[in-house]
Novice: 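Next up is a structure, given as structure tokens.
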Number of protein chains: 2
Amino acid sequence: MPALTPSYDQLQVFLAVVDEGSFSAAARSLKRAQSAVTYAIQKLEEQLDVRLFDRAAYRPALTEAGRALLPRARLVADEMQALRNHAEAIAAGAEPELRLVVDAMFPMDRLVESLRLVSARFPHSPPRIYVDSMGAAAELVLNGVCAIGLLLEFSSVSEHLQRDKLIDIAMIPVAAPNHPLGAADSPVSIEDLRPHVQLVLSDRSGLSGDRDYGVFSTRTWRIADLGAKHAMLKAGLGWGSLPAHLVAEDLANGRLRRLTIRDEAGLSEVVRLPLCSAFRRDRPPGPAGRHLLAHLSAGAARKPA
Amino acid sequence: MPALTPSYDQLQVFLAVVDEGSFSAAARSLKRAQSAVTYAIQKLEEQLDVRLFDRAAYRPALTEAGRALLPRARLVADEMQALRNHAEAIAAGAEPELRLVVDAMFPMDRLVESLRLVSARFPHSPPRIYVDSMGAAAELVLNGVCAIGLLLEFSSVSEHLQRDKLIDIAMIPVAAPNHPLGAADSPVSIEDLRPHVQLVLSDRSGLSGDRDYGVFSTRTWRIADLGAKHAMLKAGLGWGSLPAHLVAEDLANGRLRRLTIRDEAGLSEVVRLPLCSAFRRDRPPGPAGRHLLAHLSAGAARKPA
DNA sequence: TCGACTCTATCGAAACATTCGATCATGCCC
DNA sequence: GGGCATGATCGAATGTTTCGATAGAGTCGA
């Protein structure tokens, strides 16, 4: 049963002959006997049922068919080379895929720049990005789905995780202008907040043990998706806090109003939510992952948000 | 010297295993012994220095690396298949390249539609198009560079050529508005033309034997390029005839004026230049070329220009 | 025109790679 | 537990590719 398909090796020989200009030169460049080159080309021609070289002259000349097939042969060879390079990178320790999970709170613009640079340097580790919130995000790191997480500090407490502080983000209490709280321009007291519906981001996972942070109202709606919370706030369904970077535009064009909260000690401070990077100690990230972490923390040091 | 590069056959086996879900099933689908499949995968893994399947479970599961490399393997296989298909088409008689030469007079819009259809049906015969004029165009067919010519009838007389009438094109005498002849609105006599410079398309080849057609003026400039002639007419350097389809727009927006010529018999008829397709009798075009010719002459019958 | 060189095709022998079929240990599923 | 399927491994058989030598033909400069 003779092979019906050319082998990759035959294509290599074909390309070498084209590039070197003669069978003998190709044999030299491939460090093989000239007869092996002749044989390979003969086999290739036989399998393709096409004459590739015209041997009438002293030096073999590509036939028209050979010229037409040459670019395809190069393409196959190039793709095979790319496959080899990719495998080599993986064999050398590159992660075949750089999977990371990002907490929905995380400012994406910080991430995209780092990712762009990293994937330019590590083209064989294409990123795959998950977005989730709080414990659910941390879980993806803990169970090994993602090598790296960009998480809320408080939702990723675990001795299995190596965590490093990245940035704080400011949480801003807001309400829609048509909401009673949003309509008032003056500071509101905690007692003023209490009767209104507060929209609280909830944890889809059980990891945070259902502890609540910054819950003031007696009526709370729990929403597991930050975008949904955002939309509901804009729709005036209640009040709640959102990361500063998410509401900057809404505050500027008036779709949301910032609430100033007064407690016993006076005007309350802006709540800052610490974010960190995290990975499992027993599965340290590969080169691309380490690069990403380094770039992110360098960026955090430069521009602490 | 063990091969450093995977063979195409190994990739096929890899893909078969992925698609079939097990080594044994792959062996069945490839009609080979199961041990051959095991051997091929082992070799492939060895050459790539990457574990592709996790054999811990009952059925082999792609490793992460295997999953990452899979698309590349498919790509190589697909490109190799494309190469085979292309070669098969050539072996079956398809011309590796559909080379044709078109006389500059030929209305391109007629050609493009036919070419689009033909190259959709014959993707393995990509067209290569030359444009030249008169005898120079015919020569490209006669010397075998082009399988097909779309030529002026009078410049392609040769017993070696099989020619078929396609269409006539109308030649329209024109001059720029700032030219003395273009300024006059009334018909001009042949005697009126005589003193003015006439721009005449000349034949770069010697094939037409330097016979002139439709030369009236005593002072003639000979230009070997139709586009240059066109530009010079618009610049007001003289008068001359151009194909109707080339000057329609210029006539409409006034950049050129049509000359009405009066001879002894009254207003002279519009000169019609017959165009034909041509190919060497001893080298009839392949399937793509025949298709193109059929489509062109069908189009000519439908819309005789 | 000769002679030295290089080219490709071809041959048999040797080296190599791949295949097969049989056998084994293991996991699955009823 | 028993029947069945899976993948690894082995030796033998088969096929493919390589090598080196040789022959015939083209090239190029003296």
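Protein chains get the first letters and strands the later ones, always in sequence-line order, with residue 1 at the start of each.
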Novice: Nearest whole Å is fine: how far is C/dC7 P from A/Asp54 CG?
Specialist: 17 Å

Novice: If you count heavy atoms of other groups shown closer than 6.0 angstrom to CD of B/Glu88, is the number above 12?
Specialist: no

Novice: For A/Phe23 and D/dG26, give me the distance from atom CZ to atom P, rounded to whole Å.
Specialist: 16 Å

Novice: When you measure from the side-chain N and O atoms of A/Thr38 to the phosphate of C/dT8, is any distance below 4.0 Å, counting only OP1 and OP2?
Specialist: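 Negative; the distance criterion is not met.
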
Novice: Any side-chain N or O of A/Arg55 less than 4.0 Å from the OP1 or OP2 oxygen of C/dA9?
Specialist: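 For C/dA9, OP1/OP2 do have a side-chain N/O of A/Arg55 under 4.0 Å.
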
Novice: Less than 4.0 angstrom from a charged side-chain N to a carboxylate O is my criterion; do A/Arg55 and A/Glu45 meet it?
Specialist: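 A salt bridge links A/Arg55 with A/Glu45.
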
Novice: Hey, does B/Gln34 reach any base, or is it just sugar-phosphate, or nothing, if we go heavy atoms under 4.0 Å?
Specialist: base

Novice: What pairs meet the salt bridge (Lys or Arg N to Asp or Glu O under 4.0 Å) rule with one or both residues in residues 140-159 of chain B, with sequence neighbours excluded?
Specialist: none

Novice: Indicate, with yes or no, if the rings of A/Tyr39 and A/Phe23 have centres closer together than 6.0 Å.
Specialist: no

Novice: Assign B/Ser22 to base, sugar-phosphate, or nothing according to its heavy-atom contacts below 4.0 angstrom with the strands shown.
Specialist: sugar-phosphate

Novice: When the distance from CG of B/Asp9 to P of D/dT16 is rounded to whole Å, what number comes out?
Specialist: 12 Å

Novice: Send over the distance from B/Glu45 CD to D/dG7 P, rounded to a whole Å.
Specialist: 13 Å

Novice: Report for the helix from C/dT1-D/dA30 to C/dC30-D/dG1: angle between first-end and last-end helix axes, five pairs each, rounded to 10 degrees.
Specialist: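 Computed angle between terminal axes is 40°.
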
Novice: In terms of side-chain heavy atoms, does A/Thr38 have a donor or acceptor partner in A/Gln34 at a distance below 3.5 Å?
Specialist: yes

Novice: With respect to the phosphate group of C/dA9, does any side-chain polar atom (N or O) of A/Ser35 fall under 4.0 Å of OP1 or OP2?
Specialist: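 So the side chain of A/Ser35 is outside the cut-off, no N or O lying under 4.0 Å from OP1 or OP2 of C/dA9.
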
Novice: Figure out the CZ/P separation between B/Arg32 and D/dG15, and round it to whole Å.
Specialist: 14 Å

Novice: What residue pairs, at least two apart or across chains, pass salt bridge (Lys or Arg N to Asp or Glu O under 4.0 Å) with a residue in residues 69-80 of chain B?
Specialist: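 Only B/Asp19-B/Arg74 qualify under salt bridge (Lys or Arg N to Asp or Glu O under 4.0 Å).
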
Novice: Between A/Tyr39 (OH) and C/dA15 (P), how many Å, whole number?
Specialist: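 It works out to 18 Å between those atoms.
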
Novice: Taking NZ from A/Lys43 and C1' from C/dT10, how many angstroms apart are they, rounded to a whole number?
Specialist: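 That distance rounds to 15 Å.
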
Novice: Could you please name the option among C/dC7, C/dC20, C/dT18 that lies closest to any side-chain atom of A/Ser24?
Specialist: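 Side chain of A/Ser24 sits closest to C/dC7.
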
Novice: Return the value, rounded to whole Å, for the distance between atom CD of B/Glu46 and atom C1' of C/dT18.
Specialist: 14 Å

Novice: Quick check for you: to the nearest 0.5 Å, what is the distance between A/Glu46 atom CD and A/Lys43 atom NZ?
Specialist: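 Answer rounded to 0.5 Å: 4.5 Å.
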
